[in-house]
Amino acid sequence: MGIAYTAKGNQIVPVTRRLVIRGRKVRDGRVRISGAKNSAVALLPATLLADGESVLQNVPDIADVAVQQDILRELGATVTRTNAGEVRVEASGALSHEVPYPLAKRLRGSVLLLGPLVARLGRARVPLPGGCAIGSRPLDLHLKGLRELGAEVEIEHGYICAQAKSLLGTEIYLDFPSVGATENVMMAATAARGVTVIYNAAKEPEVVDLANFINAMGGRVIGAGTDTIKIEGGHPLRAVEYSIIPDRIEAGTYLLAGLAGGGSVTVENVIPTHLEALLAKLEEAGVELADCGDAITARLVGRPKPLQVKTLPYPGFPTDLQPQLTAFLLLSEGTSVISERIFEDRFGHVDELKRLGGKLETDGRTAVIKGVERLTGSHVTATDLRMGAALIVAGIAAEGETVIDGVEHIQRGYERLTEKLTDLGVVADWID
Ligand code: UD1
């Protein structure tokens, strides 16, 4: 997706603002981390599993969450964002089973309505979703899971149509520990008779967050966070108040961005164990780390040592931090190798990073980064969310000014961007 343009007088100008970053930090930074995007886009659909008003706390104010909220409204729920970070969802009345295409095409997480709608209404019509362009992202495991629970599922004219008179607990083996498929099956299985067991389930913290939310509602999900999850279906679920976990990807992004700019950086309101894969790699790169309860401080003197990194399902290194880590390693003292094992086409950032003076090449699913002594600011464009985050990291590492277009992609997942960059000690601003 490129930038949108509009006519202004006789001129054609970009609709969205650009982000300008002056490279290198001006002081040590301290950033407070928001609630997890990937939890929020799963827990919002899960509120439909209960009658009454659910209250979610620590919900980030980002575009992906706004789209998920709009989808719930279109389905018939009343959704209000009250004070900072609190979203109330009242879903007692009649609901539609049809997710509207104009919203679904903007958010891959819209597919997470499938499980809750089938559980609650016995049917769902959900468009094949949009989202980041990082390779083909099949949904076969979502569909297989629902079918094994007893739903009839067809793809018709770009829509997933699912129907089930009743759902029956069963054993489901996922060929890959897909986050979304694990979540959809978990939500649908709350309405199934008997016990459902998911083997090779995703272990991501956001999957555990969803299980904890369902359990707080009165459900019974056992084993989330391991590769075998059991769901006892049929427990009546009631609306509750629940606080979402901190965003480990946002935390990792600001750690890498802060380190790229020199000096030290502290991220607050994090769960350090969720960041272990990143922290281990940072230590290998020569970063000094200190964690104190829910805060992590990182400091790097000089350039990072080169790394060999492979992205893997949790607790492996997260693919959602791969572009940012690649940007951080542009200044490393030697050659780093990054192997992307989750998505087939997640190196869109590589060519943009070259504009800042980065020396890196890809070969299939591997990127080889030859560290350079300095980067210099330039004009770059983000075409997906984490690529945008990588451009911010590189812009902070570079000398001079970097202008980033396509910021709307970044705003899908990062709230209060310029405020947080300022907290990080970076000079950043918007321009038209
Ligand atoms: C979630 C996260 C996303 C993250 C990704 C991997 C949300 C809203 N998004 O996405 O930020 O990058 O996990 O950590 O939580 N696959 C199949 N068949 C399926 C489903 C997935 O083959 O039915 C494959 C995908 O093509 C991909 C891999 O499994 O190669 C991982 O996908 P998955 O874990 O499902 O990612 P998402 O849930 O879409």
Side-chain angles (χ1 to χ4, degrees), residues 35-46 59-60 62-65 67-68 71 104 106-115 126 128-148 153 155 160 162 172-188 198 200-211 213 224 227 244-245 247-250 252-253 274 277-278 310-325 339-346 348 365 384-390 409-410 412-414:
K37 168 180 95 64
N38 287 351
S39 277
V41 300
L43 269 66
L44 283 166
V59 183
I62 50 178
D64 274 11
V65 165
V67 174
Q68 202 70 305
I71 290 176
R106 294 172 56 193
L107 177 66
R108 182 161 175 90
S110 56
V111 78
L112 294 173
L113 268 310
L114 205 50
V126 180
L128 292 168
C132 275
I134 52 179
S136 87
R137 293 173 76 174
L139 294 169
D140 53 311
L141 302 172
H142 300 241
L143 310 188
K144 166 181 148 155
L146 289 176
R147 284 187 182 121
E148 291 189 11
V153 188
I155 307 282
I160 306 163
I172 298 167
Y173 171 78
L174 297 180
D175 300 296
F176 185 89
S178 154
V179 173
T182 302
E183 292 174 340
N184 252 334
V185 170
M186 209 156 77
M187 292 189 278
I198 310 174
N200 201 26
K203 295 182 278 200
E204 269 68 1
E206 296 75 22
V207 171
V208 179
D209 212 22
L210 176 61
F213 180 51
D227 56 15
I244 284 173
I245 56 169
D247 196 313
R248 62 197 166 98
I249 306 301
E250 190 198 24
T253 302
H274 291 173
L278 172 68
K310 216 182 250 184
T311 65
L312 288 169
Y314 189 85
F317 191 91
T319 175
D320 286 352
L321 284 175
Q322 179 265 106
Q324 302 90 311
L325 184 73
S339 170
E340 171 57 54
R341 313 303 297 169
I342 306 293
F343 292 111
E344 62 191 24
D345 188 13
R346 200 170 204 177
R365 287 186 168 203
D384 78 57
L385 167 59
R386 305 302 172 187
M387 169 186 181
H409 295 286
I410 310 177
R412 285 186 37 214
Y414 293 87

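We count ligands from 1, going down the list as the structure has it; atoms in each ligand are counted the same way. Since we're looking at a predicted model, the values are computed, not measured.
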Given that the side chain starts at C-beta and the backbone is N, CA, C, O, which of these parts of Asp320 lies under 4.0 Å from ligand 1, counting heavy atoms, or is it both or neither? side chain
With a 4.0 Å cut-off on heavy atoms, does Pro138 reach ligand 1? yes
Lys203: partners by salt bridge (charged side-chain N to carboxylate O under 4.0 Å, His left out), with sequence neighbours left out: none
Looking only at side chains, do Thr319 and Glu340 share a donor and an acceptor under 3.5 Å apart? yes
Under 4.0 Å to a heavy atom of Val41 - the qualifying atoms of ligand 1, by number: 8 (C)
Once you restrict to heavy atoms under 4.0 Å, what part of Leu143 touches ligand 1? Side chain, backbone, both or neither. neither
For His142, which part has a heavy atom under 4.0 Å from ligand 1: side chain, backbone, both, or neither? both
Distance-only donor-acceptor check, side chains His409 and Asp384, under 3.5 Å: no
Heavy-atom distances under 4.0 Å decide this one: backbone, side chain, both or neither, for Asp140 against ligand 1? both
To atom 29 (O) of ligand 1, the nearest of Tyr314, Phe176, Phe343 on a heavy-atom basis is Phe176
Record the part of Thr319 in heavy-atom contact with ligand 1 below 4.0 Å; permitted values are side chain, backbone, both and neither. side chain
Heavy-atom closest pair (Asp209 atom, Ile245 atom, distance to 0.1 Å) is OD2-N, 3.2 Å
Going by heavy atoms, is Glu206 under 4.0 Å from ligand 1? no
Under the ring-ring contact (aromatic ring centres under 6.0 Å, His included) test, which residues partner Phe213, sequence neighbours left out? Tyr242
